[in-house]
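Note sheet for the following structure.
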Amino acid sequence: MASDASSDDTYREFRSDVERADREFARVRDLPPYIRGPHHLVYQSKVFKAYTDLWKFQQSHRRELVASGLRRWEIGELASRIGQLYYGQYMRTGEWRFLLGAYVFYEAILERGYFEKSEGKMQDPGLRFKELRFVARFLVVALLVNRAEAVKVLTERLKSLVDESKAAYPETSFKEWKQILHELNRFLKADKEFENSRSLRYNISFDSYPNSIPLIAPFYSKRVLRLRDAILTSYHRNEIKFTELTIDTFRMLQCLEYEPSGSQPSSATKQPAENGALTDYSGVASGLIDINLASDLADPSMPVNPRKAVIYHPTVSHVISVIASVCEELPSDSVLLLYISASGDHNFGHKKIDNPWARKDTKPDTHACSGSPVWLGPRGNGGLNYLFPEDLVPFTRSPLFLIVDSENSHAFKVIHGAERGEPAAMLLSPSVSPSDLTSSGSLFTYFLTAPLQAFCHLVGLNSEFYASIFSEAEQLLSSSLADIEEELCASKGMDRVWAQVLPDPFLRRLILRFIFCRGVLLNYSKEKDSAYLPVCVPSLPEVVSPTSVRNHVFLLADKLGVVERFPSFR
């Protein structure tokens with residue numbers, strides 16, 4: 001009896017700790033992803049401590065807790081919360097170790113079947129929804145760590161769960177999950193177009209070109225800006241997405257991170273022991289997962305990734321408030337990267353809108369940016385969904401690196417000369433794209449994040465066709481980008497807007513890929529119209545103009561056997 005009373009007391013203490021941890025979790029979960037001040041650090045510290053204590057408590061008192069009614073799915077939910085915390089911290093900081101921490105916890109939940117029904121009993125519908133949400137979260141993490149096998153297993157698991165659920169609970173609607181499966185299939189089709197390709201992340205050994213180092217060094221004697229914060233958002237009708245990651249933000253998110261030097265998630269059944277050795281926990285009672293795993297996976301040799309705020313389907317006011325919040329905390333030696341992928345409103349030019357920025361003593365500008373906004377939001381809300389170029393002008397008090405991927409992107413050129421303190425660097429997509437963004441995402445973003453895959457997609461090559469020569473084509477493109485970088489860094493008269501961001505490896509890589517993309521589209525397009533070309537503002541040196549990189553484009557086209565696809569090479 002005394003033993004039973006002790007077990008009950010232990011269980012009550014555990015339940016009390018769970019409620020306290022859940023309250024702390026709700027605080028962190030509800031914080032906007034762009035909040036990075038001291039309040040977030042306090043909340044984050046409290047919630048991690050709460051779950052660390054809770055996890056260790058249930059490990060130490062497993063027998064008593066089980067005797068008092070603790071169920072496996074409750075342990076699974078606890079581990080899932082910890083995985084969510086790690087993933088949330090990764091999204092706020094960009095630190096790879098937190099992403100791996102989330103992966104290991106999620107993998108343990110799956111392998112140990114915490115959410116699976118036991119003893120043939122019918123599972124509660126609420127518990128089934130917990131399992132579905134867990135698998136969807138795990139899929140996002142597996143996609144980000146590029147674990148193709150795990151993605152395949154999880155996809156099949158999600159499909160089978162939805163099918164089982166519809167049969168087992170005919171009175172419960174699973175329409176939302178059928179839609180999620182549809183979105184997942186579209187996402188995987190676009191993401192796996194070249195599934196054996198190199199990671200989108202910055203690989204120090206592959207993406208750094210030693211011959212350029214002496215040419216970049218002189219820039220450090222002047223003002224140098226580092227990329228420490230990025231805001232990424234995408235909003236298109238029927239765009240490819242899974243949960244709250246669109247294919248464009250998914251690619252850009254990875255493009256702004258360093259590839260870890262050999263770090264990969266290990267099996268969840270093998271955890272680091274205190275002495276550094278691996279302990280095999282397969283077949284042992286569940287719950288033996290190391291809460292401090294993320295710190296063990298830290299790679300001190302790797303540079304720090306920029307912080308990124310991924311904003312899913314925002315309103316215009318939300319975007320503006322996020323930019324304002326990030327700019328408020330932006331260090332003086334930093335530049336903010338703002339990536340906006342959105343549709344343009346083709347009919348807006350026929351509507352009369354007063355431009356509050358226009359001077360009253362000058363003639364109206366027929367190309368005024370107020371006539372060409374981008375559209376954020378669903379149809380039907382009118383002007384509330386229009387993001388005008390002039391909406392971004394107040395944020396040019398801080399250094400801004402702007403990437404706009406839209407049919408109306410060229411309208412943002414008017415920001416140049418209207419800045420409020422710092423000249424903005426802008427990479428603007430073509431107004432007309434030769435590729436349909438509904439099949440594989442935006443072509444311009446594809447070129448900035450995966451130029452070889454984008455090139456192959458443009459000319460109609462699939463992974464099976466070019467797999468045998470992929471490595472050679474990749475090396476050729478790398479050599480071309482190295483040559484372009486040398487020419488760019490050695491050029492005279494470079495605008496200071498580009499000179500002050502060129503030393504940053506992420507921004508330099510984006511600039512090089514933009515130059516390559518512009519050269520490809522100039523030679524690919526039959527129409528000699530600027531609408532088919534991306535634009536940079538201010539202009540880059542003439543030595544890297546679209547015509548100057550023509551030979552690099554030809555060499556790659558020749559290697560892949562697609563020279564005939566380019567009118568200018570015929």
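Cation-pi check for Arg137 over Tyr87 is not met; the charged atom does not lie both under 6.0 angstrom from the ring centroid and within 45 degrees of its normal.
Only one option out of His61, Arg15, Arg63, Gln58 pairs with Thr10 in a side-chain contact (heavy atoms from CB on, under 4.5 Å); it is His61. Exactly one of Phe187, Tyr339, Phe242 qualifies for a ring pair (Phe, Tyr, Trp, His ring centres under 6.0 Å) with Phe250. That residue is Phe187.
The pair Arg97-Glu95 meets the salt-bridge criterion, since a charged nitrogen lies less than 4.0 angstrom from a carboxylate oxygen. Remark: Glu24 does not engage Lys46 in a salt bridge, criterion side-chain N to carboxylate O under 4.0 Å. With salt bridges taken as basic N to acidic carboxylate O contacts below 4.0 Å, none links Lys159 and Asp163.
Between Phe134 and Tyr114, the distance separating the two ring centers is not shorter than 6.0 angstrom. For Tyr258 and Phe506, the gap between ring centers is short of 6.0 Å. Taking the six-membered ring where the residue is Trp, the centroids of Phe138 and Tyr106 are separated by under 6.0 Å. With ring centers used as reference points, Tyr386 lies under 6.0 Å from Trp375. If you look at Phe57 and Tyr51, their ring centroids are not closer than 6.0 Å.
Contact of the Asp229 side chain with the Leu330 side chain is registered, since non-hydrogen atoms from C-beta on lie closer than 4.5 Å. Inter-residue side-chain proximity for Arg92 and Phe98 is flagged as unmet; no heavy-atom pair is nearer than 4.5 Å. For the pair Pro373/Asp391, no side-chain contact is recorded, criterion being any heavy-atom separation below 4.5 Å from C-beta on. No side-chain heavy atom of Lys175 sits less than 4.5 Å from a side-chain heavy atom of Gln179. With contacts defined as side-chain heavy-atom distances shorter than 4.5 Å, the pair Val326/Ile231 qualifies. At least one side-chain heavy atom of Ile403 sits less than 4.5 Å from a side-chain heavy atom of Leu448. Two residues are said to be in side-chain contact when any heavy atoms from C-beta on lie closer than 4.5 Å; Val141 and Tyr86 fail this criterion. Within the 4.5 Å cutoff, no side-chain heavy atoms of Leu65 are placed close to those of Ile75.
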Could you please spell out the steps behind the side chain to side chain contact (heavy atoms under 4.5 Å, CB included) verdict for Leu144 and Leu253? CA-CA 9 Å; Leu144 286 169; Leu253 175 69; 3.7 Å; yes
Apply side chain to side chain contact (heavy atoms under 4.5 Å, CB included) to residues His313 and Glu244 and explain how you reach the verdict. CA-CA 8 Å; His313 284 187; Glu244 295 189 352; over 6 Å; no
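In this structure, Arg81 CZ and Leu54 CG are separated by 10.5 Å, a value rounded to the nearest 0.5 Å. We find the CG-OG distance between Leu225 and Ser334 to be 7.5 Å, quoted to the nearest 0.5 Å. Atom CG of Leu78 sits about 8.5 Å away from atom CZ of Phe105, to the nearest 0.5 Å. Glu239 contributes atom CD, which lies 7.0 Å from atom OG of Ser341 (distance to the nearest 0.5 angstrom). Remark: Asp248 CG to Leu232 CG distance equals 10.5 Å, nearest 0.5 Å. Rounding to the nearest 0.5 Å gives a distance of 11.5 Å between CG of Asn305 and CD of Gln254.
Of all the heavy atoms in Tyr202 and Arg508, the pair that sits closest is OH-NH2, 4.2 Å. Ser409 approaches Ser429 most closely through the heavy-atom pair OG-O, 2.6 Å. Smallest separation of non-hydrogen atoms from Ala425 and Val497: CB-CG1, 3.4 Å. Scanning both residues, Asn203 and Ser205, for their nearest heavy atoms gives OD1-OG, 2.6 Å. Residues Leu256 and Lys308 approach most closely at O-NZ, 3.7 Å, considering heavy atoms. Here the closest heavy-atom approach between residue Ser199 and residue Glu259 is recorded as OG-OE1, 2.9 Å.
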